[in-house]
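Note on naming: letters A, B, ... go to the chains in the order of the sequence lines (proteins, then strands), and numbering restarts at 1 for each one.
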Number of protein chains: 2
Amino acid sequence: MTDRVEFQPVKPVRLYQRIVEQVEGAIARGELNPGERLPSERELVAQFGASRSTVREALRVLESTGVVRSRPGDPNGPEVLPFSTSTLAKQLTRLTQAQEVSLADLISFRMVLDSSANMLAARLRTDDELAVMESTIARMRAAIDAGYDDFSAADVAFHDAVAQASGNMLLQVCNHVVRGAVLSLISDKIAHARNSAALMSQSMRHHEEVLALIRDRDSQGAGQISRRNLFDYYASYVPKAEREPLRALLLEPETPSGEVR
Amino acid sequence: MTDRVEFQPVKPVRLYQRIVEQVEGAIARGELNPGERLPSERELVAQFGASRSTVREALRVLESTGVVRSRPGDPNGPEVLPFSTSTLAKQLTRLTQAQEVSLADLISFRMVLDSSANMLAARLRTDDELAVMESTIARMRAAIDAGYDDFSAADVAFHDAVAQASGNMLLQVCNHVVRGAVLSLISDKIAHARNSAALMSQSMRHHEEVLALIRDRDSQGAGQISRRNLFDYYASYVPKAEREPLRALLLEPETPSGEVR
DNA sequence: TCCAGGTTACTGGTAGGACCAGTCGAGCTG
DNA sequence: CAGCTCGACTGGTCCTACCAGTAACCTGGA
């Protein structure tokens with residue numbers, strides 16, 4: 001077959017890792033489905049021929065990656081979980097906080113994701129999804145006097161509803177994570193802003209604009225406005241020297257004339 | 001302070017999880033940086049006051065999430081690793097395998113990320129970065145006869161160069177991960193395509209178009225073409241019923257006339 | 001003086017035993 | 001038949017022990 005024997009570098013594979021691979025493989029091949037149970041630890045010890053310590057280390061790895069869940073005393077054994085985006089979100093969060101990601105990067109990313117979600121939502125939304133957005137907008141309006149926290153929660157709910165309507169779970173998850181990262185970086189500044197009421201009513205107007213465009217199925221307009229709103233809302237927190245990327249995403253650098261509000 | 005005492009529902013927290021949290025916290029707070037070492041397992045046993053099994057379970061979890069790496073016999077102890085995209089990529093591919101994320105979702109996301117990277121790169125690129133892109137394009141052209149693998153590698157290098165020039169690490173990492181996920185899902189189909197040479201030369205033209213726009217600093221054009229190229233390249237792999245989101249991202253639904261090739 | 005060799009004191013990987021606190025169901029008790 | 005008790009499980013944690021690897025140190029010879 002090959003014209004010369006090719007040797008691959010060998011790396012030691014831990015025993016617990018083999019167990020993890022076997023379980024993951026069984027799930028990937030559909031032999032083990034969410035809701036089903038693994039044998040008990042002591043039974044796995046017998047099946048794998050490994051010590052309980054090793055089996056447990058494998059189970060901890062599987063548990064940390066959201067594949068299974070162990071409950072003390074459960075006679076049925078560890079449960080195979082349905083796939084969840086939470087570990088993906090956790091990794092993304094690590095990326096945003098551990099790595100050198102600037103606030104400008106986060107906001108750029110947020111502009112990209114949110115505007116895309118708005119574009120897709122405008123095109124693909126159902127009437128039910130539109131109704132959900134409208135109800136969250138109503139909650140925002142109601143919360144405008146209740147204080148920033150309630151307002152912010154309704155705000156988040158609105159963006160989640162839009163992301164949901166986009167139909168793209170990736171967009172949904174990433175958007176959620178990045179928004180959380182941005183808010184955790186500047187929420188204190190917003191909360192302590194003396195003109196928070198003004199900020200909220202400005203934000204209110206912005207959201208209603210977007211909602212109107214989504215209602216009218218104006219995909220391009222919804223994306224455009226979404227980017228601009230985020231820029232207007234967050235740009236002041238970004239050092240002037242780093243605002244260029246944000247401006248580049250506005251799509252309207254060569255149109256000084258026009259309806260720029 | 002509070003007008004009534006509020007009790008929170010308690011959930012049992014495993015001991016190994018507390019250890020994981022402490023280590024992750026120390027890294028998040030910057031007290032522990034990549035390249036530094038954790039104390040040895042037996043030393044951690046003393047510090048945490050837990051048994052070695054428990055400490056090891058915590059270390060296995062940290063290892064599986066790419067936070068640390070243990071090497072047998074290393075007198076320096078487990079090493080704190082720099083952030084890696086591999087676990088992120090692994091989670092993403094798991095999601096796609098579990099059918100939680102469709103190929104259409106991945107390609108939509110890729111269109112969003114790649115076009116944004118192109119927009120930013122067109123606006124912010126330095127001449128050096130442009131030179132890097134040009135060299136990868138040259139590599140692609142050279143590899144067009146060498147076969148799909150080399151071509152694909154150069155292709156990846158080009159997109160990485162663009163992402164790098166965008167200046168946004170989030171965009172860079174996510175783009176990289178998503179591209180990897182897409183390729184792992186359909187690379188076999190592409191490699192076995194009988195007209196792979198035609199595909200490559202088509203791809204070649206597309207990339208040169210994009211490069212020209214980045215050279216001319218045409219931000220909007222680069223983003224637009226990037227989306228269209230990806231659509232043309234990948235849409236055929238997506239079931240027709242799921243192509244609507246991809247089309248929605250093309251920004252040109254209301255322009256049936258024009259240079260749609 | 002310098003270097004090659006082996007010794008040694010660690011490291012992490014694995015095994016297996018023991019005990020505890022839960023959970024659940026079988027079976028006893030009323 | 002309802003309710004309770006009890007026992008046989010579960011996973012969580014601890015412990016000791018041994019093995020194989022690594023690297024620094026130590027020792028011998030040149």
Quiz item: With nearest nucleotides of DNA chain C determined for A:Val13 and A:Pro75 from heavy-atom distances, which residue corresponds to the more 5′ nucleotide?
Solution: A:Val13

Quiz prompt | Nearest listed nucleotide, side chain of A:Pro72, among C:dG12, D:dT13, D:dG12 | solution = D:dG12

Exercise. Measure from the side chain of A:Glu41, starting at C-beta and using heavy atoms only, and say which of D:dT13, C:dG12, D:dG11 lies closest.
Key: D:dG11

Self-check item: side chain to side chain donor-acceptor pair (under 3.5 Å), paired with B:Arg179, selected from B:Asp114, B:Asp155, B:Asp160
Solution: B:Asp160

[X] side chain near [N] phosphate (N/O to OP1/OP2, under 4.0 Å):
X       : N      : value
A:Ser40 : D:dT10 : yes
A:Ser51 : C:dA15 : yes
A:Arg60 : D:dG12 : yes
A:Ser53 : C:dG13 : no
B:Arg42 : C:dC10 : no
B:Arg52 : D:dC14 : no
A:Thr54 : C:dG13 : no

For [X] and [N], what is the distance between atoms [atom1] and [atom2] respectively, to the nearest whole Å?
X       : N      : atom1 : atom2 : value
B:Gln17 : D:dG12 : CD    : P     : 10 Å
A:Leu15 : D:dC19 : CG    : P     : 17 Å
B:Asn76 : C:dA9  : CG    : P     : 19 Å
B:Arg56 : D:dC18 : CZ    : C1'   : 13 Å
A:Arg71 : D:dC9  : CZ    : P     : 18 Å
A:Leu44 : D:dT10 : CG    : P     : 10 Å
A:Leu59 : D:dT13 : CG    : P     : 13 Å
B:Glu57 : D:dT13 : CD    : C1'   : 8 Å

Practice problem: Would you kindly compare B:Arg14 and B:Asp74 by the position of their nearest DNA chain D nucleotide and give the one closer to the 5′ end? | Solution: B:Arg14

Quiz item: Any salt bridge between A:Glu63 and B:Arg14, counting N to O under 4.0 Å?
Solution: no

Self-check item: Salt bridge A:Arg56-B:Glu57, side-chain N to carboxylate O under 4.0 Å
Solution: yes

Self-check item: B:Arg141 CZ: over 12 foreign heavy atoms closer than 6.0 Å
Solution: no

Quiz item: Okay, side chain of A:Arg37, backbone of A:Gly77: is any donor-acceptor separation there less than 3.5 Å?
Solution: yes

